[in-house]
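Only one structure is covered here, and it is reproduced in the block below.
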Amino acid sequence: MANIRLDKFLADAGAGTRSQVKELIKKGRVKVNNVIVKKSDIKIQTDEDFVSLDDKKVSHCEFQYFMLNKPGGVVSATKDEKEKTVIDLIDVSKRRDLFPVGRLDKDTEGLLIITNDGVMANKLLAPGKHVNKTYFAKIEGCVTDETVEMFSSGIDIGDDKLTKPAILQIISVFSKEEQYESEVKVTITEGRYHQIKRMFEKVGMKVTYLKRISMGPIFLDEALTCGEYRELTQEEIELLKNAHQ
Ligand code: URA
């Protein structure tokens, strides 16, 4: 049970920014337990009090969870002096201490979970507990069964340990003007810096396009075009929370 100010309760529920909801309260549009209240600082017991705005129930929601289809060209950070960040892509009115769960390289596209739930993010990213992450990649080079075997045995990418077993699936291999190009899916369970690019580099190939398509139980919603985002559904939030019990 939480005990929080009325204006915070309403802002957390997405009724507006803190100053916008203060105005709504002043105008008498907010009721607590069916009585109009005009003070923003009264305390709400989140699991007991009934709050309404224009006579419609407002439910408390402490945390925000979004799925972003990250476009290339933006950095996975909360703030940056020079570059556009993934948080800049979220509508200002929705931003409440949001941060990305892990990082994708600036040129990598695809699924990025954005939240303000630090406990859930830590669970997903805790060392040794990283959930599976699957990527679609275009590769300059001919990916073979031998490459698949190397990925599953672990690769020395210059860190103190080999990479953990990764699942490499070949989608297609074709040659153009004596150059091979391959399309693959790769699943890794770690989150090392430039991990997939470095793994392919070690086997003499180059990643030319990388897109994350899933993280643990969450799959990128194909309806989201690059740069679009949506809230996670309640079911997706539960799946994430239970991903590492
Ligand atoms: N591996 C990479 O090389 N880059 C990413 O963005 C994610 C995984």
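Below, all heavy atoms of this structure are taken into account, side chains as well, without hydrogens, waters or symmetry copies. Counting convention: from 1, in listed order, for ligands and their atoms alike.
Closer than 4.0 angstrom to ligand 1 by heavy atom are L104, D105, T108, Y135, H194, Q195, I196, K197, L210, sorted by chain and number.
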Pair D97-N116, side chain to side chain donor-acceptor pair (under 3.5 Å): steps then yes or no: CA-CA 6 Å; D97 301 326; N116 49 9; over 6 Å; no
Could you give me the CA-CA distance, side-chain angles and deciding distance for Y209 and Y135, then say whether ring-ring contact (aromatic ring centres under 6.0 Å, His included) is met? CA-CA 10 Å; Y209 175 79; Y135 296 80; over 10 Å; no
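Residue D41 places its CG atom among more than 12 non-hydrogen atoms of other residues, nucleotides or ligands, all under 6.0 Å distant. The neighbour count for K185 NZ, taken as heavy atoms of other residues, nucleotides or ligands under 6.0 Å away, does not exceed 12.
Between F66 and Y229, the ring-plane angle classifies as perpendicular under the 30° and 60° cut-offs.
The shortest side-chain heavy-atom distance between V184 and Q169 does not fall under the 4.5 Å cut-off.
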